[in-house]
Structures are given as C-alpha cells and as structure tokens.
Chemist: 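Below you will find the structure I want to go over with you.
Numbers here simply count residues along the sequence, with the first being 1. Please read all numbers here as calculations on a predicted model, not as lab measurements.
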Amino acid sequence: MATDDSLKRRSFLKAAGGATAAATLAGCTGGDDEGDGTTTDETTESMGGTTEEDEETTEESQSSGGTLTFARGNDSGTLDFQNTTSGEDAKVTNQIYDGLIEFEPGKTSLKAGLATDWSVDGKTVSMTLREGVMFHNGEEFTADDYVATYRRFVDKDYKHYPGQEYASSYGPYALGNWIDSVEKSGDYEVTVTLKKPYAPILKNFAMFCSKVHSLKAIEEYGTELKNNPVGTGPFKFDSWDTGNARIRLTKNEDYWGDEKAKVDEVVFTAVGQNTSRAQTLVSGGADIIDGLGAQASQVVDSSDKAELLERPGINVGYMAFNMSKFKPFRKKKVRQAINYAIDTKSIVDTIFKGIASEASQPIPSSVMGYNKDLDPYPQDLEKAESLLKEAGHGDGLEFELATFKNPRPYNPSPNQAAQVVKSNLGKVGITVNIKTQPFNPFLDYTDSYKHDACFLGWNTDNGDPDNFYYALLHPGVDRSEVPDGQDWINPDNHDSVNTLDAAAWANTEFMKLTEDGQSTYKTGERKPKYQKAGEIFHEECPWVALNHAKELRGVANRVNGYKVPPIGGPFLNLVSLE
C-alpha cells in the first residue's frame, strides 16, 4: 500500500517511466510473511493462481452491525485509486474496490480477487475472471471492465484517459512500464502481454492502484470518479463531508465474496495530532486509529479501553548522502566515518523507544534477499576519526542535514533524531546544521537535490525487494550514462532521474544486480542478487541505514477481528463490534 510519501513517490514514479533497467522476469503467486527473508514465494517457470480462499476469510459471515469509526491523521484527497499516490486515500478506496489479485489479510502473500486463476509464462499473463460479480451500480463485472480500467490508467490514446495531471504516476510505475497490452480473450478471460518478463508483476496487480473500475462508471463520471467511486468491494460509498473530514461507507449487502462486511457502516475521520487521536480512541470517539508515534502508543498501551497492536513493518528509515551536491560525500571513507560516528542503537532505544529496530541494509528481515551477515554499523568514534583523516578531512567537515517536522511511520521523532546525529558527529569534528521543514516542502527540497544530507524513509508497496533496492537506490538512468570511475550522477545532466535516489548514488555493479533481480525468474536466483546488493550497499554507505519501524494500531476493546496489515487493507469487512 502506498504511504503518505506522495510527493516523493510521485517524483520517483515519473522518473521510473524513463528508466532503462532490464526488466526481464516474471512474477510469482502467494508468499510467506514469516521472517528469514521469504516474503516472496518460491517460484516456478509457469505460475498458477489459486481459487482457494483463506480459512480466516471463509468463516461464517456474521453481521454484528453498528458503525465502525476509523480515525487517521488526514482526510482523503480523492476516492479514485487512479488519481492518487497517497496511503490515506488507499485506506478508503480499498474498502470500495476489489483488484484482480489481492493481498491476504494480515500477510504479504497473494490471493484470488476478481481473477480466480492466473498463470505467468514468459511474457504472457493469463487470467480467468470471476463470474457473477456485480458493481455497486448494478453492472456485472466482465473483462471489458478491466480492459477499460487498465487503458484509462496508462493509455493516452484511450478516449477515457483522464489526462496526465489526473492519472497518478502509479499507472506507468506499477503497470504501464512493464505491460505491452491488456486484451479481452473472452468475457471472463484477460491476456496481459508484458514488454519483458518482470518478476514483481503479480504483486503489482495486488497493489492499491490496480483495483477495477466499472466501464459504465468510467463513461458516466470521467474524472468525477474521484467523488463517485463505484467498485465491487464489501463497502459502498455513501457520503463525504469534506468540511469535517468524514467519509461514510455502508455495507454492500450483495458483495460477491464470503467476507461480507460484519458492520453496517464505516466512518473514516481525521484527527491530526497523534496524541489527540490516541485520546480520541481511549475516550470512545474512535474504534481503530493508526499513525502512532512513541508517545501516542504509550497513551493507548496504558489504557484499559483499548489495545495497542503491533507487527514488524516492511519499511526503512535512513539518512541519505547527496553525492551530487556535497563533494566530501563522494569519498567512501567519509560516508563510512559518519556511519561509525552515529549511534543508531541509541536513537532506536532512547528516542524511538522500542517501536523500531536498527537497520543494517535497506530491507527488513521479512523481505526476500535480506542478508543476515550484515550488522548495523556500531558507534566507533576512533574508527570514524581515523577514516576522516585518511579521507583528508581530519580537520572536520560542515554540512546541512535536512529533515521534516512531523513524525513519520519510519521516523517518529525526526527532530530528536537529528539532534542526536548532530551531537554524535560533533564528537568527531563534523558540524551539522539542521534544516527542518514541513513535510511537503521538505520533499520538494530533496526532490530537487538541494540537500547535503537528509532524513527519508519508505514503506513498501508490495513487499518485493525490488520495491526497495530499485526504487530507492537505482538512479533510473542507463549504466552507460554513469561516467567511468564515478559512483554518482549529476541529476541535472539527465532527462530522467529517479529522484527517490536521494544520494544520487550510481554504483554500476549495484545497478546491474537490481536490474538482474527484476529479470531473474526464480526466487532462488533473485535472492542472492539482493543479498549481494545488500553487501555493496553496506560497504559503500550511500546512506546511514537508521531503522525499521513497527506498524502500530490502537484498537478499542469492542473491536474483534482486526489484523494489522503489512500491506494493503485495512480489511475492515473482517471486523465486528461487540
């Protein structure tokens, strides 16, 4: 599921359209979210889907009735999944719409959605669609709806294409960059032809941006779908009070699945401050809240009215070195010295207070390709000083650290963390000037490579290592465009740059591994490539890898059946109220 990093993510997605990576693989079905880097399945040359329903979602569907209130930090900006990159928007649209493939509730594995079966063979993805599914407007779902949905997202020649300003960059990023065509091969059969085999494609079909519109609704509403969503999901849109940031959904009594909603309606509300949101939960004003920092989580945890639920997050928080602007960062020994000087364990233990763990690499341990042999850099001030001296900076350095004001899921206390970094580096002769901004202008700042160093972070869209390694550390240019003997690029010299690579890092060996990781068919072949990529990352230090944060939710005692999802969701149709 997308995060709130909308601007940053949008910039990358735009850049990804011009990326030249060799995407020559195919995806897989299902997965395992239990530790040891096995988020992605073992794959076969030809991969079939499944029509088996998860046992947890085939339980008797009993309606408890009532109104479930979900409080979050912000209101939605749109109710059209093709019009957004925001996780706040996806929380709502995921209740209204279904996709061809879905993430298992509470897991990262895949399950059948509007497609009952699928197979991947080279560049061809064949899908059998579910019959007898009705949209909320009374229209029956067929292959025509998916073809129209796909074309509306990525085909600028399609008569219903809403325009580049409206269609989010997730269109090319998740689908269009990799898909050559989507064709109806029967009323309930769709054939997807890939430009090249591409490993994450099935997981991309399960992303929030890959839901399915009604063709009739596309024709009727056009861009007004952002206010008039028509899906096949377990909840139907009822009303949106934008003045009070309240969206009301009602139970879809005719839902096709076994997971019919148990509550009568869901109301999404917005409470901006984390602690205020926690207090709203405790006082009974909300049933489920998210966006918790350390302080807000303590409010929930100390209450007898609600429970604090947590699970390991699939995310990373980090400090990136902008090699394109600050010349000393082009020296590996300087980057290593800063890694040795910063006490990431102290940041995690005393500032993040147990809601995060130290990171040694871009991916957490639940993601395929995690390298168990890599440890976080320990604080070693003597080693840091020695490396700085060897790099010709024994007399010290001075640089700017750009950060954001508001807590993020991967960095719940950015200002305090920045102060620790400043203090740590001061001990080895490095002066840090902290520049703090609200989040959106901060992202504009880093997108423009105006920073020396910056705090950033990432929550995965699909649980695939490609969604970290390629998304955050591949510069989005061809390897041939990287000057010999150089491991960074000047973004101003390239038409298409992945601005999510905030370090402007361009290590060609690493780039090739991530490109090969996309184009390698089997997990057994992909895994060592990402493990090797992790080794290069650890040695070359384009970032200080700070932490992996937990996913936290506050849940009222009267709520049953809620699971913290690592991706997708929230699966509110599974929730009942006492």
Side-chain angles (χ1 to χ4, degrees), residues 8 11-12 15 19 21 315-342 344 358-364 369 371 374-377 384 387-388 391 397 399-403 410-411 421 425 430 446-447 449-458 465-477 479 481-483 485-491 494 497-515 517 529-548:
K8 192 71 180 177
S11 299
F12 157 64
N315 56 46
V316 64
Y318 56 92
M319 185 178 96
F321 301 111
N322 182 2
M323 300 178 210
S324 68
K325 180 186 176 190
F326 192 68
K327 291 183 179 179
F329 288 159
R330 296 172 189 173
K331 300 176 181 178
K332 180 172 70 175
K333 289 184 177 179
V334 170
R335 304 193 300 264
Q336 290 176 327
I338 293 174
N339 268 270
Y340 276 117
I342 294 176
T344 54
E358 282 184 275
S360 63
Q361 55 202 288
I363 57 175
N371 192 325
L374 301 177
D375 295 321
Y377 274 73
L387 286 166
L388 285 173
L397 289 170
F399 67 84
E400 174 196 276
L401 170 59
T403 187
Y410 39 74
N411 190 337
V421 168
L425 295 186
I430 297 176
T446 57
D447 275 352
Y449 289 93
K450 294 177 180 175
H451 58 288
D452 293 336
C454 66
F455 279 163
L456 276 170
W458 185 256
D466 179 74
N467 196 242
F468 289 87
Y469 278 108
Y470 185 86
L472 304 180
L473 289 157
H474 192 295
V477 304
R479 279 178 277 126
E481 298 181 51
V482 181
Q486 186 170 306
D487 63 355
W488 56 275
I489 61 165
N490 182 346
H494 301 273
V497 171
N498 170 17
T499 57
L500 268 187
D501 179 14
W505 191 44
N507 181 295
T508 53
E509 184 181 5
F510 176 94
M511 291 165 65
K512 185 175 188 308
L513 283 166
T514 58
E515 294 163 14
K529 297 183 188 302
Y530 291 113
Q531 289 174 328
K532 179 62 178 176
E535 289 179 15
I536 295 172
F537 167 88
H538 193 268
E539 169 67 19
E540 296 295 325
C541 299
W543 304 344
V544 176
L546 293 174
N547 64 283
H548 304 296

Chemist: Could you tell me whether the side chain of Y410 reaches within less than 4.5 Å of the side chain of V316, counting heavy atoms only?
Modeler: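 With C-beta onward as the side chain, the pair stays apart.
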Chemist: Examine distances only and state if a side-chain atom of H538 and a backbone atom of Y377 form a donor-acceptor pair shorter than 3.5 Å.
Modeler: no
Chemist: Sequence neighbours left out, what passes side chain to side chain contact (heavy atoms under 4.5 Å, CB included) with A384? Give chain and number order.
Modeler: A337, Y340, A341, V428
Chemist: Given side chains that start at C-beta, do those of D466 and T514 come closer than 4.5 Å, heavy atoms only?
Modeler: no
Chemist: Kindly say whether the aromatic ring centers of Y469 and F510 come within a distance under 6.0 Å.
Modeler: yes
Chemist: Can you tell me how far CD of E535 sits from CD of E509, rounded to the nearest 0.5 angstrom?
Modeler: 9.5 Å
Chemist: What distance do H474 atom NE2 and R479 atom CZ have between them, rounded to the nearest 0.5 Å?
Modeler: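 Output value for this atom pair is 7.0 Å.
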Chemist: Are the side chains of D452 and K325 in contact, using a 4.5 Å heavy-atom criterion?
Modeler: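 Touching, per the 4.5 Å side-chain cut-off.
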Chemist: Take a 6.0 Å sphere around NZ of K512 and say whether it holds more than 12 heavy atoms from other residues, nucleotides or ligands.
Modeler: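 Not more than 12 within 6.0 Å, no.
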Chemist: So which atom in P491 and which in S324 form the shortest heavy-atom distance, rounded to 0.1 Å?
Modeler: CD-CB, 3.6 Å
Chemist: Using only atom types and a distance under 3.5 Å, with no angle test, would you say the side chain of E540 pairs donor to acceptor with the backbone of N507?
Modeler: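 No; judged by distance alone, with no hydrogens or angles, the pair does not exist.
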Chemist: Check step by step if side-chain contact (heavy atoms from CB on, under 4.5 Å) holds for L425 and F399.
Modeler: CA-CA 11 Å; L425 295 186; F399 67 84; 3.7 Å; yes
Chemist: Evaluate the criterion side-chain contact (heavy atoms from CB on, under 4.5 Å) for residue pair L473 and F468; output intermediate values, then yes/no.
Modeler: CA-CA 8 Å; L473 289 157; F468 289 87; over 6 Å; no
Chemist: A side-chain contact here means heavy atoms from C-beta on lying under 4.5 Å apart; do W543 and F537 qualify?
Modeler: yes
Chemist: Can you find a heavy atom in the side chain of Y449 that is under 4.5 Å from one in the side chain of T499?
Modeler: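 A side-chain contact exists here, since the closest heavy-atom pair is under 4.5 Å.
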Chemist: In sequence, state the C-alpha distance, the side-chain angles, and the governing distance for I430 and L388, and then conclude on side-chain contact (heavy atoms from CB on, under 4.5 Å).
Modeler: CA-CA 10 Å; I430 297 176; L388 285 173; 3.9 Å; yes
Chemist: Could you walk me through whether M511 and V482 pass side-chain contact (heavy atoms from CB on, under 4.5 Å), step by step?
Modeler: CA-CA 11 Å; M511 291 165 65; V482 181; 4.2 Å; yes
Chemist: Among N339, T344, I338, L456, which one satisfies side chain to side chain contact (heavy atoms under 4.5 Å, CB included) with M319?
Modeler: I338
Chemist: Can you tell me if N498 uses its side chain to pair, donor with acceptor, with the backbone of A471 under 3.5 Å?
Modeler: yes
Chemist: Once you round to the nearest 0.5 Å, how far does CG of L500 lie from CH2 of W458?
Modeler: 5.0 Å
Chemist: Do E539 and Q336 have side-chain heavy atoms sitting under 4.5 Å apart?
Modeler: yes
Chemist: Is there a donor-acceptor contact under 3.5 Å from the side chain of Q361 to the main chain of I363?
Modeler: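 Not confirmed, Q361 side chain does not pair with I363 backbone.
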Chemist: Closest heavy-atom contact between E358 and P376?
Modeler: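 The pair with the smallest heavy-atom distance is OE2-CB, 3.6 Å.
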Chemist: Does the side chain of I489 reach to within under 4.5 Å of the side chain of E481, using non-hydrogen atoms?
Modeler: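 No, too far: nothing below the 4.5 Å cut-off.
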Chemist: Within this structure, what is the CG-CZ distance for the pair D487 and R330, rounded to the nearest 0.5 Å?
Modeler: 10.0 Å
Chemist: Taking all atoms of both residues into account, what is the closest heavy-atom pair of K333 and A391, and its distance?
Modeler: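 Heavy atoms only, the tightest pair is CB-CB, 4.0 Å.
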Chemist: Side chains of V544 and V421: does their closest heavy-atom pair fall under 4.5 Å?
Modeler: no
Chemist: Measure across P475 and A506 and return the closest heavy-atom pair with its distance rounded to 0.1 Å.
Modeler: CG-CB, 3.8 Å
Chemist: Indicate yes or no for a side-chain donor-acceptor contact from N322 to the backbone of H451 under 3.5 Å, with no hydrogens or angles considered.
Modeler: yes
